[in-house]
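Take a look at the structure set out below.
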Amino acid sequence: MKRRILFATALILFFCASALALDAKYTKEYAEDLLKTVDKSLYPAVYKSVIIMTTVRAGRNPLSNTFESLSKGADKSLMKITAPARDKGKKILKNGDNLWMFMPDISRPIRLSAKQSFMGSTFSNEDLASSGWEDNYSAGITDQKGALILLTLTAKKKDVAYAKIDMWLDDTTKIPTEMTYYGLSGKAIKKLYMSNIQKIAGIMRPVDMKMDDLIEEGSYTQVKLESMEALDSLPEYTFDATQMGR
Amino acid sequence: MKRLLIAALFAVFAAGAFAFDLNLEARSDFLYTSFMENSAYNAIAASETVTALSTYEKIRLKLKDTVDQVKFDFDARAYLYPQTETLSYTIDSAYFSFENGPFVVYAGKQRMKWGTAYFFNPTDRLQPAVNVFRPTEDLEGIYAVRGEMTSDICTPLIVIMPRTNGYSQDPARDFNAAARIYKLVGTCDIYLDYIYNPDGDSAGAAASWDTGFFVVNLEAALDANPPAGCETIDIGGRRYSSAATIGVTKLISNEASIFAEYFRNTAGLSSEGYSDTVTAMGFGMPLSKKDYLAYSLSYTWDNSIQLSLTGLHGLDDGTTYAFPSIAWVENQNYDIQLSLLQNLTQKGTREGTDSTPFYSETELRINAYF
């Protein structure tokens, strides 16, 4: 009897292990290459775009802004608010670890703390710039469900916004569908859903994003990519704080 | 009122016809003042009718257009005072800019606010704020030609401003000029500036540094035209008055922020000097002493109620003002703001009682944005 139980247990463990096993191709090198591809699938190296961002917080009025954005690389972006009329003309510039706001009424840049969230949304400033994951995180594939694989990103350095990111993505399209962000304590703090895949700026990209705040229940920010155009280059003066009034 | 409406309608139709980027803001303002009958009040009452309740309608128009490398920017505000049925207007900016790569030239009436601090900007000698409690409001530009060029090393700027208060026989006295250099070092903005003024040059430096925990703002300036009798420092045989501000800003959460500033101005008046001024002029000027502390707390509740408290404290004599405000922003295209400016100065402190003609000002504003 004892032998039968042991045999049955071993059989179950064998089948479970087989089910959990990853394809042999999912090596560390494959994961790192995949991360580079994902970076490119979401954002061109240099681009301009129009986005609509709506932030909903539990029991509060939703806030909506439309931005025209110019971005270059992983850490440079200039966003101009075009709606609502109350905030039209305000600009937000991110250049590396620096963040400024420009208000036409006073015509000078005002330095903001780069660690704060973007316009009171669920997104941090780091989330909204091009991802730059390749530079900041090492990647490994830790799970698989059919065509979907789980890419786990671990921070290479301490000054990034998240200690770990779990990214579910479609291995055929290389487009992420769901991402969970973990803070330094190891607790999941945000969850991003990407959907509505369309051909935009030459390749298939997610047009709709929704970031859930897992700390503040019921709070989320939705981003809709209205348009995106890849550019050959953008001059460096675009990202000079003193040139925000141009 | 008809003229104001016709002007606004004309602008709207012109914007459509010429494809300008148009912004229109409208405001109804109601102000109730509880006056203090002192020397400052007497000076005002001698020249105009003083009423406890005053109101105005304001329309602000902003137009922008771009043709190739040339941009046009126009920003004007008009006021209608129903009590006197008078209409007045101010053009804050009207300029062209021409861009060629990293080089850009602006010509016309334009805003040029310098400095990094919020309340007190010793380096902001070209475009000083009109209202210290609302430093970003209603800044009328200055006539100037300004050139800027961005490079990898730094961003230099040169400004030439013709003097608009008459001309002299000496061309060197008919203009002011300024130069500024900007450099980003790590997470710190650094500005160095020099202003040529025939009545006395000034030089300044400003910095704004994101430490990660908070943002530190620093400003200092030297002025070669110090008022008689003030504290000065001697550099190369010339006497300079000095002014400096140190401030910190901290975002506590997405809803709350705080900032504080200390301002020291050696050209400010001592208590004795202030008394002499009041005796000579009949009244005193607010914020004309040496040391001030300013602070502000703001909190946004439910994305629609904005609460703020701004305070100003004169360290020389205890002059104190408090400026609490509550704004209801139900919709992003309009808001309603109720504010109170309270003069909390103790009786006997000369600046608060001789230069401020009121105990309190209660203001209701209804703003709409189109």
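We use all heavy atoms of the structure for the numbers below, so side chains are in, but hydrogens, waters and symmetry mates are not. Small disclaimer: the values here were computed from a predicted structure and weren't measured. All chains are named by letter (A, B, ...) in the order of the sequence lines, taking the proteins before the strands, and each is independently numbered beginning at 1.
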Atom [atom1] of [X] with >12 non-hydrogen neighbours under 6.0 angstrom:
X	atom1	answer
B:Y143	OH	no
B:I305	CD1	yes
B:D29	CG	yes
A:K48	NZ	no
B:Y89	OH	no

If you count heavy-atom pairs under 4.5 Å with chain A, which of [options] comes out on top?
options	answer
B:T150, B:D189, B:N23, B:T155	B:D189
B:F370, B:W209, B:Y182	B:Y182
B:D75, B:V104, B:N217	B:V104
B:G115, B:S93, B:A368, B:G101	B:G101

Legend entry - N-O pairing of A:K88 and B:D21 below 4.0 Å: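 Answer for the salt bridge query: yes.
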Rounded to the nearest 0.5 Å, what's the gap from [atom1] on [X] to [atom2] on [Y]? Could you check?
X	Y	atom1	atom2	result
A:D105	B:D92	CG	CG	8.5 Å
A:D240	B:K183	CG	NZ	10.0 Å
A:R246	B:E148	CZ	CD	7.5 Å
A:R108	B:N121	CZ	CG	5.0 Å

Legend entry - Set of residues satisfying ring-ring contact (aromatic ring centres under 6.0 Å, His included) with respect to B:Y118, sequence neighbours excluded: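 Result, ring-ring contact (aromatic ring centres under 6.0 Å, His included) vs B:Y118: B:F259.
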Legend entry - Candidates B:T187, B:T249, B:T116 - the one meeting side chain to side chain contact (heavy atoms under 4.5 Å, CB included) with A:R111: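 Between A:R111 and the candidates, side chain to side chain contact (heavy atoms under 4.5 Å, CB included) is satisfied uniquely by B:T187.
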Inset, instruction - Begin with the C-alpha distance, continue with both residues' side-chain angles, and end with the deciding distance and a verdict on side chain to side chain contact (heavy atoms under 4.5 Å, CB included) for B:N367 and A:R86. - result: CA-CA 9 Å; B:N367 297 302; A:R86 189 173 198 265; over 6 Å; no
Measuring heavy-atom distances to chain A, does [X] have an atom under 4.5 Å in its side chain, in its backbone, in both, or in neither?
X	value
B:Q110	neither
B:K62	side chain
B:F213	neither
B:S97	neither

Inset, instruction - Let me know if A:T238 has heavy atoms under 4.5 Å from chain B in its side chain, its backbone, both or neither. - result: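 Neither the backbone nor the side chain of A:T238 comes within 4.5 Å of chain B.
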What's the shortest heavy-atom distance between [X] and [Y], and which atoms?
X	Y	answer
B:N333	A:P84	OD1-CB, 3.8 Å
A:I106	B:L139	CG2-CD1, 3.8 Å
B:G212	A:S113	O-OG, 4.2 Å

Legend entry - Residue pair A:N98 / B:L184, side-chain heavy-atom distance below 4.5 Å: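 A:N98 vs B:L184: side chains touch.
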Inset, instruction - Could you tell me which residues satisfy side chain to side chain contact (heavy atoms under 4.5 Å, CB included) with B:F103, sequence neighbours excluded, listed by chain and number? - result: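 Expected list: B:V105, B:M149.
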